[in-house]
Every structure is written in structure tokens, then in C-alpha cells.
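Here the structure is laid out as C-alpha cells; the discussion comes afterwards.
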Amino acid sequence: MKIALNATVIGASDLHFVSDDSREDLKETDFKHCAFLITQSNKKYIQDARDNGFTNFITPKDLKKILNLNLKIIGITGTNGKTTTAAMIYSLLLDFGCRVAMLGTRGFFINGEQRRPKGLTTPSLLEIYSAMNEAQNEQCHYFVMEVSSHAIVQNRIEGLDFSLKILTNITSDHLDYHKTLENYIAVKNSFFSDPTDLKLINKDEPRAHYALQKAITYGIESPATFQVRAYSLNDGITAQISYGNEESHLECELFGKHNLYNALAAIGAVKLLEDRPLVEICNKMQNFGGVLGRMQVISQSPLIIIDFAHTEDGMEKIFQSFLHKNIAVVFGAGGDRDKSKRPRMGLCAAKYAQKIYITSDNPRSEDPDSIIEEIFLGIPKELKEKRTIYLERDRKNAITRAIQELNDEEVLLILGKGDETYQIIGNQTLPFDDVKEAQKALQIRAKNPF
């Protein structure tokens with residue numbers, strides 16, 4: 001990748017571009033105007049860069065100085081909740097009149113406008129700096145970003161000074177990459193090891209380990225700096241929140257205890273950053289309409305919800321939001337990814353759902369039927385006898401059947417893909433949208449009621 005810079009001087013040479021690709025195709029005279037950014041992932045190609053003509057070499061800290069970045073960066077990590085928490089903080093800060101950018105799974109946004117499409121949770125280091133440079137040119141004061149475990153290991157956040165670091169939770173995910181749960185936990189916690197960083201930590205997360213200096217906590221079950229005193233999750237979220245001598249009532253049209261955690265983290269973040277009255281922050285949470293593909297209501301009658309949950313813990317949080325209803329669920333597991341979570345996802349679904357439709361979710365190079373079987377094997381015999389279970393490799397057929405068979409007293413949860421608009425089968429990326437397929441199935445249901 002190559003980014004253009006404003007006129008800047010390194011030594012006696014004008015620097016116009018920065019690249020992280022040693023194969024950059026530049027004219028010979030242009031190399032003196034282009035610097036090679038040395039990162040953890042490309043440092044083994046430094047000699048290749050020299051051989052190709054690069055003469056300027058810089059580090060991320062150099063780039064930060066060159067760009068003169070002075071944004072307040074808010075970094076959010078955790079297994080689940082990063083996207084929603086980031087979106088909540090972004091929304092609240094905008095509502096308070098701040099100029100804000102947000103980078104994450106949903107793409108790159110500046111002051112309410114999307115600038116780049118969805119991509120990696122945390123993109124390459126140079127892409128991050130490029131986004132920050134763009135945000136600063138738009139006079140942004142804050143930069144909200146999701147920080148993935150991959151990005152922490154690969155040091156894609158090198159040189160960034162965070163004004164606030166937030167932990168949502170730590171469960172099991174990405175073990176295909178991190179190999180063990182212990183490694184994954186250690187990576188997440190390493191983000192909070194610096195005693196000089198301001199941190200906002202989920203006090204109810206037992207796997208959280210962090211430097212106690214400058215650590216602020218939030219919690220529902222445990223005593224915390226930002227504390228939920230009482231709450232209800234029926235027909236949305238209502239809660240009583242306290243912070244020091246301040247108390248406020250919170251109401252928002254979101255489902256689930258996990259979203260109460262997300263809201264509490266966002267409220268805490270904005271309080272720490274802007275020091276607005278707690279009541280004002282909670283009142284503005286009512287304006288947040290949710291994130292596409294995260295507890296997204298497709299239909300009220302029958303009740304159909306689409307969510308990105310793709311881990312056992314993520315699924316359980318969704319299920320626990322609807323204990324007052326009979327649950328039907330459509331889900332699968334991604335191919336070429338952590339296989340250990342598949343049977344646990346099957347068990348989780350069988351613990352909570354009366355109807356279970358196990359199907360495909362980006363099978364990639366794996367056989368979809370084999371993935372489905374691994375999920376199915378996680379359901380013990382006694383639960384298999386009590387549940388209605390369908391195995392259907394075609395996700396469209398699974399969604400259609402689930403909606404056709406849905407009763408008015410049930411809720412249908414379509415999990416795993418959220419607002420993704422594709423399905424990866426083999427080496428093909430094919431158009432597929434859970435929302436559109438659910439809407440089509442609802443039209444079929446209306447014409448041919450069950």
C-alpha cells in the first residue's frame with residue numbers, strides 16, 4: 001500500500017509518499033520522494049526494498065511525527081461487542097457535537113459519512129495511519145477503532161498512543177491462529193499491561209488481567225466504577241446507572257444483557273473523555289438505533305432477528321436475551337477456522353433453542369456437511385431427543401424453512417453472518433445476504449402460510 005503525504009521534509013529531501021510494499025513500482029526519480037515504512041510484517045523485506053531503489057526508511061513512530069497526529073484514539077478489544085461498543089461511542093460523541101472518525105469491521109467513517117467499505121477488524125498499520133491522517137485533515141478530535149487479537153500479535157497498532165483502551169470481554173475465539181485459549185487470553189490482556197494507559201475494563205470478566213494503575217471499571221454483577229444498580233431486559237433495556245455521586249436512568253431499544261454491557265462501556269468512555277453529566281450521556285443513548293447485523297430486527301411478527309454471533313459465548317448472550325420465548329435458531333460455523341468451537345456451539349444451541357437448523361456459514365475449502373456434522377456431534381443424546389433438529393447445508397433453504405415453520409410465540413435467531421453480503425464456498429465468494437433471504441422467505445410465508 002502507498003499513501004500520499006502533505007509536503008514534509010526528512011533531511012534535505014521532500015517526502016511525498018510512504019509505502020509498506022518493497023515491490024512498489026516507482027520511477028527511479030520517485031524513490032527519493034517515497035519512504036519505506038518498516039513494520040513487523042515487512043521487515044524481512046528491507047533488503048528487497050533497498051534492491052528495488054528505496055533510500056528512505058522510517059518506523060511507525062517516525063510516520064506519526066511526519067503526519068503530526070494528535071488525535072485522541074480510543075481502542076476497543078474483546079471477543080464480542082467491539083463493533084457495537086465502537087458504534088455507540090462514535091454515535092454519542094457525534095451527538096455531543098464532536099468531530100469523530102471510526103475504523104473497524106463496518107468500514108471507515110468520518111463525521112457520519114462512510115469513507116471506506118467493510119474490511120478487516122483492524123487493517124494494516126499503514127492503512128490505519130492513512131485513515132488517521134484523513135480524519136485529522138477533516139479536523140476530527142477523536143478516532144474510535146476496533147483492535148483485534150491478530151492486530152495486537154502482528155503489532156499493527158505500533159506507535160499509536162491511545163487516550164483510552166476498552167475491554168469488552170474475553171471468551172474463546174481464533175484458536176486456529178492463537179493455538180490455545182491461554183495464548184488468546186494473554187494476547188488480549190497484553191493490550192492493557194501498560195500502567196500509564198487509561199483503561200476501561202469489564203469488571204465482570206474473570207479472565208481480565210491488567211495494570212491496576214489508571215484502570216477504571218464497569219460492571220453489572222461486580223462492584224465497579226460505572227455500576228448498574230438495577231435493570232430490566234424486557235422489550236429493550238432499562239437500567240439505573242451510577243458513577244461516583246452521579247446516577248442516571250438509561251432506556252434504549254436494544255435487546256440483551258450483552259448490549260447493556262456495550263452501552264455501559266460506551267457511556268463510561270464518553271464520561272471519561274468528555275466529562276459530560278451522566279444524565280446527558282444516558283439520554284443520548286436513546287438516539288442509538290443499533291448496528292446492522294447486530295441484533296437486527298427483520299420482522300416483529302413473527303419476531304426474526306439477525307446477529308453476527310459466531311462463538312459459543314456470543315450465541316449464549318443472544319439466547320439469554322429471549323429466555324421468555326421459545327427459540328428457533330439458524331446457524332453454522334466457518335470453514336478453515338477454529339474447529340474446537342463447533343461442538344460447543346451445537347451444545348449451546350441445544351441448551352436454549354427448541355428448533356435448531358444447522359447449516360453452512362462460509363465453509364471455504366471444507367466440506368459443509370462435515371462442518372455441520374461436527375456441530376451436531378456436540379449435542380448430547382438426551383437433548384437431541386428433546387429438540388427438533390434439521391441439518392441443511394444450503395443456508396437459503398435453512399432460512400426459508402425456519403421462517404415457514406416459525407410460530408407466533410417463537411423468536412427466530414439467524415446467527416453467524418450478520419450484515420455480511422457474501423458466502424465463501426470453495427474458492428468462490430458468492431453473493432448472499434441473510435437479511436435479503438429472510439425477507440424473501442417472509443414473502444413466501446405470507447403467500448403460503450404454514
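Values below: every heavy atom of this structure, side chains too, minus hydrogens, waters and symmetry copies.
A distance of 7.0 Å separates CG in Asp361 from CD in Gln423, rounded to the nearest 0.5 Å. Distance CG/Leu278 to OG/Ser242: 8.0 Å, rounded to 0.5 Å. We find the OG1-CG distance between Thr59 and Leu125 to be 10.0 Å, quoted to the nearest 0.5 Å.
In this structure Arg401 satisfies the side chain to side chain donor-acceptor pair (under 3.5 Å) test together with Glu405, sequence neighbours excluded.
Within a 6.0 Å sphere centred on NZ of Lys325, other residues, nucleotides and ligands contribute more than 12 heavy atoms. Other residues, nucleotides and ligands contribute at most 12 non-hydrogen atoms within 6.0 Å of the OH atom of Tyr45. Heavy atoms of other residues, nucleotides or ligands lying less than 6.0 angstrom from NZ of Lys384 number more than 12. No more than 12 heavy-atom neighbours from other residues, nucleotides or ligands sit within 6.0 angstrom of CD on Glu253.
Side-chain atoms of Asp194 come within 3.5 Å of backbone atoms of Thr196 as a donor-acceptor pair (strictly under, hydrogens ignored). Counting only distance, with no hydrogens or angles, the side chain of Ser91 and the backbone of Ala87 share no donor-acceptor pair below 3.5 Å. The closest donor-acceptor contact from the side chain of Asn42 to the backbone of Leu37 lies under 3.5 Å. Judged by distance alone, the side chain of Gln40 and the main-chain N or O of Val153 form a donor-acceptor pair under 3.5 Å. A donor-acceptor distance shorter than 3.5 angstrom exists from the side chain of Asp336 to the backbone of Ser365, with no hydrogens or angles considered. In this structure, Thr400 contributes its side chain and Lys396 its backbone to a donor-acceptor pair below 3.5 Å. Side-chain atoms of Arg344 never come within 3.5 Å of backbone atoms of Gly378 as a donor-acceptor pair (strictly under, hydrogens ignored). Counting only distance, with no hydrogens or angles, the side chain of Lys341 and the backbone of Thr311 share no donor-acceptor pair below 3.5 Å. Listed for the Asn362 side chain is a donor-acceptor partner under 3.5 Å among the backbone atoms of Ile424. With Glu221 contributing its side chain and Asp204 its backbone, the two residues share no donor-acceptor pair below 3.5 Å.
Ring centroid separation for the pair Tyr357 and Tyr390 comes in under the 6.0 Å cut-off. In summary, the aromatic rings of Phe255 and Phe322 are positioned with their centroids under 6.0 Å apart. Ring centroid separation for the pair Phe319 and Tyr352 comes in under the 6.0 Å cut-off.
A salt bridge does not link Arg393 to Glu366: none of the charged nitrogens lies less than 4.0 Å from a carboxylate oxygen.
Taking the ring centre of Tyr243 as origin, the terminal cationic atom of Lys271 falls outside the region bounded by 6.0 Å and 45° from the ring axis.
A 4.5 Å side-chain heavy-atom check between Val330 and Leu415 finds every atom pair outside the cut-off.
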Practice task
Determine, stepwise, if the pair Lys61 / Glu158 fulfils salt bridge (Lys or Arg N to Asp or Glu O under 4.0 Å).
Solution key: CA-CA 8 Å; Lys61 288 186 178 180; Glu158 183 181 354; over 6 Å; no
Problem - Derivation and outcome, salt bridge (Lys or Arg N to Asp or Glu O under 4.0 Å), residues Glu146 and Lys82 - result: CA-CA 6 Å; Glu146 300 177 48; Lys82 295 186 295 296; 5.2 Å; no
Problem - Test log, rule salt bridge (Lys or Arg N to Asp or Glu O under 4.0 Å), inputs Arg116 and Glu134 - result: CA-CA 11 Å; Arg116 299 179 197 170; Glu134 189 175 341; 3.1 Å; yes
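Applying the salt bridge (Lys or Arg N to Asp or Glu O under 4.0 Å) test to residues at least two apart or on different chains, the pairs with a partner in residues 410-434 are Lys118-Asp419, Arg294-Asp419, Lys355-Glu410, Arg395-Asp434, Lys417-Glu420.
Relative orientation of the Phe143 and Phe108 rings is tilted, given thresholds of 30° and 60° on the angle between their planes.
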